[in-house]
Amino acid sequence: MSDNTGGSIDNVMQESRLFPPSDAFLEGCKINSMEAYQQLYDQAAADPVKFWGDLAREELHWFEDFDTTLEWNEPYAEWFVGGKTNVSYNCLDRNLEANGDKTAIIWEGEPGDIRTFTYKELHSEVSRLANAFKKAGVEAGDVVSIYMPMVPELAFAMLACARIGAVHSVIFAGFSAESIADRNNDASAKVQLTADGGFRRGKILALKEIVDEALEKSPTVETCIVLNRTGSDVSMKDGRDIWWHELLESVDDNCPAEPLDSESPLFILYTSGSTGKPKGIKHTAAGYNLYAKKTFEWVFDIRDDDIYWCTADCGWITGHSYIVYGPLSAGATCVMFEGAPNYPAEDRFWDLVEKHKITILYTAPTAIRAFIKWGDEHVEKHDLSSLRLLGTVGEGINPEAWMWYHEKIGGERCPIVDTWWQTETGGIMMSPLPGAVPTKPGSCTKPLPGILPAILDETGEAVGENQGGMLVMTHPWPGMLRGIWGDDQRYKEQYWSKFPGSYLAGDNARCDEDGYYWIMGRIDDVINVSGHRLSTIEVESALVSHPQVAEAAAVGRKDDIKGQAVAVFVTLVDAEASDDMKQELKLHVRKEIGALAQPDDIRFTNALPKTRSGKIMRRLLRDIAEGKEAVGDTTTLEDYSVLAQLRANDE
Ligand code: WTA
């Protein structure tokens with residue numbers, strides 16, 4: 001940890017390009033002017049509780065109406081108290097009448113196999129599976145651990161849990177046996193779902209083998225249900241393991257959705273704090289459902305004929321909120337994809353866009369930077385004219401990557417929604433409404449209606465315009481986490497102890513003269529050079545604006561004179577890694593930001609250490625910059641060889 005306390009953060013990024021939506025985009029757009037956005041925002045801000053209460057009654061099905069919209073005993077929120085609803089009902093049954101024959105899911109497997117499901121079919125699949133779960137002994141409140149490839153059955157399973165009141169804990173199918181066991185034990189999972197394998201870049205991931213190892217150390221798990229996805233040989237343990245298809249054989253698809261309390265737990269999702277053991281973020285039924293649905297509709301300006309594709313995995317919050325719960329409760333048609341963006345070739349995403357005539361694409365900056373590095377020829381092979389809207393999530397998008405996305409993928413006609421949010425927030429918190437808010441590359445623009453952010457300094461005072469500080473939310477919202485599973489103390493400390501009354505997001509941000517928000521990186525990542533507090537994202541964006549830089553990460557390391565020096569790690573597009581290049585990049589940052597941000601150390605690397613969800617692990621880079629062995633938790637590291645490489649390249 002750095003010693004960066006006190007004061008605000010210096011803003012050194014200058015970005016003045018502004019992109020209003022085109023007339024073509026505005027046609028048919030529901031919220032189509034800044035005035036319309038502002039009116040909705042102001043109305044919500046004047047009385048957020050009434051705003052959300054009214055929306056909940058309009059947008060969700062209630063078996064029993066609620067009597068209190070919000071009970072707030074800081075830091076514990078209960079929304080729509082006394083009401084009974086069911087998330088699976090809201091996603092499925094509620095769509096049967098108007099959208100029964102509409103396609104709900106278009107799924108493409110890595111080998112190219114395609115399956116589609118209408119809302120009616122999805123309803124039937126989920127109902128059968130819910131009955132099968134009951135047969136396997138799953139009851140309301142039980143935790144079901146899900147470790148599966150990105151197949152439709154993964155979505156069915158989440159919805160089937162929701163239907164009967166079981167709580168799912170989806171674990172991304174790249175985690176180790178150890179990580180699965182940790183999560184299973186923390187949540188006291190009763191049932192494990194998995195598959196015989198999953199396809200990844202032409203190979204088969206032996207998921208069942210990993211699960212077998214995990215279950216050795218997961219004493220609470222009684223049953224393991226195994227989907228046949230790859231036809232691989234797996235061992236089945238008598239009395240514990242059962243094939244998915246065999247369990248389904250003797251059940252029908254009549255399974256009415258259980259009326260559940262608004263605040264009944266819907267899922268736990270483990271997220272790795274930058275240090276320490278993973279936190280089980282808890283979300284509950286009604287508030288989360290409303291929030292995922294409404295934010296999906298606002299941000300993606302969803303229309304009846306849209307084909308929407310979110311490229312995330314269901315193992316992350318983005319997959320929960322914007323592949324499954326948001327889009328399905330909004331009656332949308334979603335694409336779901338099992339494979340990797342570069343298999344069999346680097347144009348796989350664009351092949352999908354062209355084939356399925358995708359209109360909305362929601363992906364991550366880390367993927368966009370990879371596409372840039374792979375070269376435009378993969379994009380240019382395909383007709384991407386079906387696209388009308390693009391989105392990003394997961395990290396800040398550097399302005400130059402934004403421009404590439406805008407030009408090469410969006411053909412300069414598609415607005416880009418840069419969506420800022422967290423596993424904890426349940427859904428998007430800040431993002432342009434694409435027909436209303438002109439975009440600025442690198443800014444997530446404005447808060448959504450009903451969301452009240454502020455930026456504070458160490459003393460809890462609001463900082464001024466364009467000054468960086470800590471991002472907080474000053475009012476509860478329906479999608480907010482309801483706690484950390486089994487760890488109240490950590491919940492209170494981490495999010496609510498720094499500024500009483502406000503949710504501490506853990507990110508730094510600034511707000512510019514137009515009320516646009518710019519995320520500046522995690523609080524712990526600020527670099528303090530001679531008393532100037534620099535945001536990692538701004539230094540990185542300056543580097544990425546050099547045509548030869550594909551990706552960059554900036555961290556601080558101790559420096560006797562300046563307090564901290566700027567150490568950067570750079571992946572080049574195709575230039576030679578040389579001392580001349582280092583010099584050129586130093587001068588480039590000096591020109592873009594100024595002398596104080598000029599990197600002291602530059603290391604070239606083929607790849608940066610990332611979490612499995614694509615975020616750069618700056619903590620590890622800090623260790624390397626300081627010349628230390630990487631310590632602490634590396635279980636979420638995507639590719640271990642990267643660390644060895646970085647050390648080998650060390651100066
Ligand atoms: C970062 C992902 C800048 C941020 C939905 C946040 C972003 C953390 C953005 C949450 C964005 C996410 N601009 N930073 N548009 N979106 N982040 O829990 O640091 O995986 O706190 O949720 O990602 O990551 P999580």
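All ligand and atom numbering here is 1-based and tracks the order in the structure. We count residues from 1, following the sequence as given. For the numbers below, each heavy atom of this structure counts, side chains included, while hydrogens, waters and symmetry mates do not.
- Close N/O approach between Lys615 and ligand 1 is found [any backbone or side-chain N/O within under 3.5 Å].
- In terms of protein heavy atoms, atom 11 (C) of ligand 1 is closest to Glu395 O, 3.3 Å.
- The protein atom (non-hydrogen) at minimum distance from atom 3 (C) of ligand 1 is Gly396 N, 3.0 Å.
- Between Asp418 and ligand 1, at least one N/O pair is under 3.5 Å apart.
- Between the side chains of Glu513 and Asn466, at least one donor N or O lies within less than 3.5 Å of an accepting N or O.
- A salt bridge links Glu400 to Arg17: one of the charged nitrogens lies within less than 4.0 Å of a carboxylate oxygen.
- Counting the atoms of ligand 1 from 1 in the order shown, those under 4.0 Å from a heavy atom of Val393 are 5 (C).
- Figure legend: Arg482 and Tyr491 shown without cation-pi pairing, the cationic atom not lying both under 6.0 angstrom from the six-membered ring centre and within 45 degrees of its axis.
- Heavy atoms of Thr419 found under 4.0 angstrom from ligand 1 belong exclusively to the backbone.
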Query - Stepwise salt bridge (Lys or Arg N to Asp or Glu O under 4.0 Å) test for Arg533 and Asp10 - result: CA-CA 5 Å; Arg533 289 160 53 85; Asp10 299 322; over 6 Å; no
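- Between Arg522 and Glu395 no salt bridge is recorded (no basic side-chain N to carboxylate O distance below 4.0 Å).
- The shortest side-chain heavy-atom distance between Trp79 and Thr284 does not fall under the 4.5 Å cut-off.
- You'll find the side chain of Trp485 stays beyond 4.5 Å of the side chain of Arg183, heavy atoms only.
- Put simply, no part of Ala505 is less than 4.0 Å from ligand 1, judged by heavy atoms.
- Under the 6.0 Å cut-off for aromatic ring centres, Tyr503 and Trp496 qualify, their centroids lying closer than that.
- The nearest heavy-atom contact from the protein to atom 2 (C) of ligand 1 is Trp421 O, 3.9 Å.
- Taking CZ of Phe300 as the start and CZ of Arg388 as the end, the distance is 11.0 Å to the nearest 0.5 Å.
- Of the heavy atoms in Gln422, both backbone and side-chain atoms come closer than 4.0 Å to ligand 1.
- Contact annotation for Thr423 and ligand 1: heavy atoms of both the backbone and the side chain come within less than 4.0 Å of the ligand.
- Selection from Asp507, Ile317, Thr271 by nearest heavy atom to atom 19 (O) of ligand 1 gives Asp507.
- The shortest N or O to N or O distance between Ile519 and ligand 1 is not under 3.5 Å.
- The shortest contact between atom 1 (C) of ligand 1 and any protein heavy atom is with Gly394 O, 3.3 Å.
- Close approach to Arg522 involves these atoms of ligand 1, each under 4.0 Å from a residue heavy atom: 19 (O), 21 (O).
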